[in-house]
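In the text below, chain A, chain B and the rest are named by the order of the sequence lines, each starting its count at 1.
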Number of protein chains: 2
Amino acid sequence: MSSQEELRKIALAEFAASGYAATSLQRIAELAGLSKSSVLYHYSSKERLLEAAIAPAIDRMEAILTPLEGVGLGDDRAAFLEGFVDFLLEYRLEVNMFINQGPSLVDVPVIDRANALVYRLAEFFAANSASIEEKMRFGIALGGAAYMLCTVQTLDIEVGPTDETRAALISIMSELLAPVPSR
Amino acid sequence: MSSQEELRKIALAEFAASGYAATSLQRIAELAGLSKSSVLYHYSSKERLLEAAIAPAIDRMEAILTPLEGVGLGDDRAAFLEGFVDFLLEYRLEVNMFINQGPSLVDVPVIDRANALVYRLAEFFAANSASIEEKMRFGIALGGAAYMLCTVQTLDIEVGPTDETRAALISIMSELLAPVPSR
DNA sequence: ACAGGTTCTGACCGATCGGTCAGTTTGACA
DNA sequence: TGTCAAACTGACCGATCGGTCAGAACCTGT
């Protein structure tokens with residue numbers, strides 16, 4: 001693995017676990033077995049490293065959300081749900097990062113992109129919700145799923161195999177998001 | 001309001017909004033209209049300030065959880081749910097803090113207490129769950145509710161009156177946690 | 001007016017932060 | 001073997017961090 005890619009992974013893991021502000025370039029360098037100068041050789045600043053760490057996840061989320069904004073959610077929410085859960089499972093660390101630290105890292109361009117995306121997501125669901133309660137269902141389903149995956153990881157609570165987790169998540173979330181007019 | 005109490009509130013708000021590591025004593029002093037030295041006069045260290053900021057919330061959560069651990073959750077989950085939701089609504093900022101930054105602030109005694117509490121909460125629910133899916137329901141319900149309240153606040157998404165929020169939360173969460181053996 | 005405790009402050013400390021730069025090491029190719 | 005670019009490093013910089021300390025300002029009771 002190239003030093004670039006290794007640094008990216010190490011930085012992502014540390015940023016997610018300890019926070020961006022609390023993670024020093026020195027620490028990242030030590031974990032990579034390099035000097036701080038070498039880190040800054042591959043990424044010209046700490047901000048660039050953060051950008052490299054989470055940009056792929058943002059791109060992916062944008063690719064999921066953008067086409068939906070044109071046509072709305074419709075009644076077929078299962079497809080969206082599966083895509084969203086897979087996104088969560090694949091990009092846990094990145095999601096963990098900008099869920100927990102996004103609000104505190106404003107003015108970092110890549111974080112602003114992520115925050116804008118979360119905001120668009122919230123608005124999209126608001127537009128597809130008939131009531132405040134339904135809006136809250138969206139929030140609990142998406143936020144709860146994201147949060148739980150992150151917590152399970154940081155507290156390393158034991159958990160079943162991934163596909164079982166995935167199936168349970170989809171089942172619970174589809175129950176929460178079912179487009180039932182009267183309940 | 002005494003300087004002590006004012007500093008506590010300012011620190012809590014800043015810690016929750018920007019993160020503990022990213023919030024300097026200088027910043028807190030400016031917001032309070034005092035010098036950094038004065039802050040350190042009232043709280044002998046930054047850690048003590050953090051402690052003062054979140055300890056009340058931890059005590060309250062402990063008071064909710066401890067008596068339950070002896071007798072289990074039982075079938076009357078409504079009472080617990082109301083208590084929990086009220087706790088969330090009253091201590092949003094504190095919950096926001098140790099949800100987002102708890103894992104990254106280990107070795108700070110008061111944070112360790114909070115993390116231990118979250119862990120006890122997770123274990124308590126695990127003990128009251130028959131299946132992995134039910135365990136996940138707990139996680140999504142509690143994590144989702146907590147996360148949503150925090151996000152609504154940090155992104156300041158508009159939201160209805162508090163009691164409506166409270167009622168909707170309790171309704172959705174009780175649906176998720178309903179002790180239904182077969183579904 | 002005086003005394004004494006509380007509150008507050010500026011100057012200062014060592015440590016660490018992100019970042020710069022000149023120069024060394026390394027590896028592939030001619 | 002000599003060459004050259006890529007990879008890497010240590011020394012250093014200004015800024016900021018949390019924290020210390022001696023003393024000024026303020027308040028209250030006498």
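- Using a 4.0 Å heavy-atom criterion, one finds that B:Leu40 contacts the bases of the nucleic acid, with or without backbone contacts as well.
- Rounded to whole Å, atom C1' of D:dC17 lies 12 Å from atom OH of B:Tyr20.
- Atom OH in B:Tyr43 sits roughly 12 Å away from atom P in C:dT7 (whole-Å rounding).
- Regarding contacts with the backbone of D:dC8, every side-chain N or O of A:Ser38 stays at 4.0 angstrom or more from both OP1 and OP2.
- One interatomic measurement links the two molecules: CD of B:Glu47 to P of D:dC17, which rounds to 18 Å at whole-angstrom precision.
- No cation-pi contact links A:Lys36 to A:Tyr41, judged by a cut-off of 6.0 Å to the six-membered ring centre and 45° from its axis.
- Here the CG atom belonging to B:Leu105 is positioned 9.5 Å from the CZ atom belonging to B:Phe15, to the nearest 0.5 angstrom.
- Considering only side-chain atoms of B:Ser45, the nucleotide from D:dG19, D:dT9, C:dT9 that sits closest is D:dG19.
- Inter-residue side-chain proximity for B:Glu51 and B:Tyr43 is flagged as unmet; no heavy-atom pair is nearer than 4.5 Å.
- One interatomic measurement links the two molecules: CZ of A:Arg27 to C1' of C:dC17, which rounds to 16 Å at whole-angstrom precision.
- Ring geometry, B:Phe138 versus B:Phe125: the interplanar angle falls under 30°, so the pair is classed parallel (tilted spans 30 to 60°).
- Put simply, the side chain of B:Met148 does not reach to within 4.5 Å of the side chain of B:Thr165, judged on heavy atoms.
- Between the CG atom of B:Leu49 and the P atom of D:dC17 there is a distance of 15 Å, given to the nearest Å.
- Side-chain proximity of A:Lys46 to D:dA7, C:dG18, C:dT7: nearest is C:dG18.
- Comparing B:Ser3 and B:Lys36 along DNA chain C, the residue whose closest nucleotide (by nearest heavy atom) sits nearer the 5' end is B:Ser3.
- Applying the 4.0 Å criterion to OP1 and OP2 of D:dA7, one finds that A:Tyr41 has a side-chain N or O inside that range.
- No contact: A:Ser2 has no heavy atom under 4.0 Å from any strand.
- For D:dA6, neither phosphate oxygen OP1 nor OP2 lies less than 4.0 angstrom from any side-chain nitrogen or oxygen of A:His42.
- Among the nucleotides D:dA7, C:dC17, C:dT7, the one closest to the side chain of A:Gln26 is C:dC17.
- Taking only side-chain atoms of B:Ser37, from C-beta outward, the nucleotide of D:dG19, C:dG19, C:dG10 with the closest atom is C:dG10.
- Nucleotide D:dA24 holds its P atom 20 Å from the CG atom of B:Leu34, rounded to whole Å.
- Across all strands, B:Ser24 comes closer than 4.0 Å only to sugar-phosphate atoms, never to a base (heavy-atom distances).
- Nearest nucleotide to the side chain of B:Leu25, out of C:dG10, D:dG18, C:dC17: D:dG18.
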